[in-house]
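Note on naming: letters A, B, ... go to the chains in the order of the sequence lines (proteins, then strands), and numbering restarts at 1 for each one. FYI, side chains are in, hydrogens and waters are out, and symmetry mates aren't considered; it's all heavy atoms of this structure.
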Amino acid sequence: MLDLRFVCDNIDLVTEKLAKRNSKINLDEVVELAKERRASIKGVETLKAEKNQVSAQIAVMKRNKQNCDDLIVKMKIKGEEIKTLDDRLVVIEHRLNELMLDIPNLIDDSVPYGLDSNDNVELRRYLEPTAFDYTPKAHWEIGENLQILNVQQAAKITGARFTVYHGFGARLERAIMNFMLDTHTGNGYSEVFPPFMVNKDSMLGTGQLPKFEEDMYAIKNTDYYLVPTAEVPVTNLHRDEILRESDLPIRYCAYTACFRGEAGSAGRDTRGLIRQHQFNKVELVKFAHPSNSFEELESLTAEAEVILKLLKLPYRVVSLCSGDVGFSSCKTYDIEVWMPSYNRYVEISSCSNFIDFQARRANIKFRDANGKTQLVHTLNGSGLAIGRTTAAILENYQNADGTVTVPDVLVKYMGVNVIK
RNA sequence: GGAGAAAUACCCAAGAGGCCGAAGGGGCUCCCCUGCUAAGGGAGUAGUACGUGAUAAGCGUAGCGAGGGUUCAAAUCCCUCUUUCUCCGCCA
């Protein structure tokens, strides 16, 4: 959420920045309601102050056994007046909140301008795309041939966009998870294992609700949602807290399964592990000081890249353009792994600085040297999506005979050098 | 799932319609005293959000788990919900 005061005081700047996102938000109603809100508050609080004063007076008179029936009658009327104004204020604030919750974050000035993902800017590459002297297979074929991935069974027991892992497939997924967590904890991240269901307040806090409700799985008969990413439970760990400045940055890594409706991607990536309703992911989350959050974004991205470097998988890093940056983010780097079957790079991590956008929604602050509270900056990035890493390994490490070589760093987790 | 108890400031805890934004204790901060330490004495200790103001001081409003209600007036009475604890049932 943006700061209401800032929006009202900087209408032109905010409008301009939203336009860069191709966002069609109209701020007129916000400004109008904000004015009305202030006027209402002034009015109602003046009346409340009066009422409080007279009530205190009544208390004294009662104690002195004086008659104060006329004051009580007066205050009864005043009370009704207050109620009317208060009700109006509630309506105004409710609507204002609704509007504010739907406004995306303002993008950073360093974000390249563009309409969609075609305008994203490549920053760097690691390794060359894997070369084959035969026609490489897609991971779903490899997985099926090795009998480690089974889509038919998943379709039977659940439905489309699910996969059952068997044998070394299941083990590979688990090996990658452990390798990632071990690497990140070795780099100073504290491991967290949160619930996979969260309440509505958490989903509001990180920005999944109210706008993206149709992509989330709500659980019947409860107020809970399946987590779409560990970002939600982990960022909300410190909701409604005032952190110690000296504790910043706080760094967490967390594995969770992630659940997404994929409402807007019917027909896309229908085969394989790339786009599933349930997938595994290790997430990196930081609570950073506002003065250096963009440096923290650089290091967070680098820390996610470490995984691909250690796995020796070719990848590139792109800076998302203004039209492609997500709703809550101020600036985002995507890490894209080389996927031979797609003959292109595929997103495997998204690293974002949300600055104070989530912190304002979730009320996460710290106390500065002057004793004042300030909003923290929150960041997160996949470190990495595990299913897509499995897919990338199967494809990039495949051999002509249909086997898959196990990356060196995973051998100790897998117990074998080759998946046959 | 059933039955009971509880939720008050950094922590413990009193308070049972108005003199309560809240006794008392611990802790913490500052001061005094004492070679050091321990002990002792004194003062301070609701943060926060919003409105107003100059992004100050000050003033005002809200705030005793959350949300409603009763009342001129609610920590205190009523309703709903949440969480925690104890017991029973079920269960990995």
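A:Tyr413 pairs by the side chain to side chain donor-acceptor pair (under 3.5 Å) definition with A:Asp182, not counting sequence neighbours. A:Arg174 pairs by the side chain to side chain donor-acceptor pair (under 3.5 Å) definition with nothing, not counting sequence neighbours. The side chain to side chain donor-acceptor pair (under 3.5 Å) check on A:Glu336 picks up A:Arg316, with sequence neighbours excluded. Residues passing the side chain to side chain donor-acceptor pair (under 3.5 Å) test with A:Glu241 are A:His238, sequence neighbours excluded.
Here A:Arg5 does not reach the OP1 or OP2 of B:A49: none of its side-chain N or O atoms lies under 4.0 Å away. OP1 or OP2 of B:U48 lies within a sub-4.0 Å distance of a side-chain N or O belonging to A:Arg367.
Residue contacts shown for A:Lys365 are limited to sugar-phosphate atoms, with no base heavy atom under 4.0 Å away. If you check every strand for non-hydrogen atoms under 4.0 Å, A:Lys62 touches a base.
Checking A:Asp223 against A:Asn199 by side-chain atom types alone, no donor-acceptor pair falls below 3.5 Å. If you check the side chains of A:Thr405 and A:Asn399, you find a donor sitting under 3.5 Å from an acceptor.
Between the NZ atom of A:Lys74 and the P atom of B:A73 there is a distance of 16 Å, rounded to whole Å. Whole-Å rounding puts the A:Asp201 CG to B:U83 P distance at 12 Å. Atom CG in A:Leu243 sits about 15 Å away from atom P in B:U48, given to the nearest Å. Residue A:Arg360 contributes atom CZ, which lies 12 Å from atom P of B:A49 at whole-angstrom precision.
Side-chain proximity of A:Arg37 to B:C72, B:G51, B:U83: nearest is B:G51. Checking B:G69, B:C72, B:U52 against every side-chain atom of A:Arg38, the shortest atom distance belongs to B:U52.
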For A:Phe287 and A:Phe366, run ring pair (Phe, Tyr, Trp, His ring centres under 6.0 Å): C-alpha distance rounded to whole Å, both residues' side-chain angles, the deciding distance at 0.1 Å, then the answer. CA-CA 10 Å; A:Phe287 298 82; A:Phe366 69 94; over 10 Å; no
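Taken together, the paired segments of RNA chain B that extend over three or more consecutive Watson-Crick or G-U pairs, each closer than 3.5 Å at both contacts, are B:1-7 with B:82-88, B:10-12 with B:24-26, B:27-32 with B:40-45, B:48-52 with B:58-62, B:65-69 with B:77-81.
Here A:Lys286 pairs with A:Glu303 in a salt bridge; the nearest charged N to carboxylate O distance falls below 4.0 Å. Ion pairing between a basic and an acidic side chain is recognised when a charged N comes within 4.0 Å of a carboxylate O; A:Lys281 and A:Glu283 show such pairing.
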Which atoms of nucleotides 55-64 of chain B (N or O only) lie under 3.5 Å from a protein N or O atom, and what are those distances?
from	atom 1	to	atom 2	distance (Å)
B:G60	N2	A:Glu45	OE1	2.7
B:U61	OP1	A:Asn52	ND2	3.0
B:A62	OP2	A:Asn52	ND2	3.4

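Toward the 5′ end of RNA chain B lies the nearest nucleotide of A:Thr373, the other residue of the pair A:Lys76 and A:Thr373 mapping further downstream.
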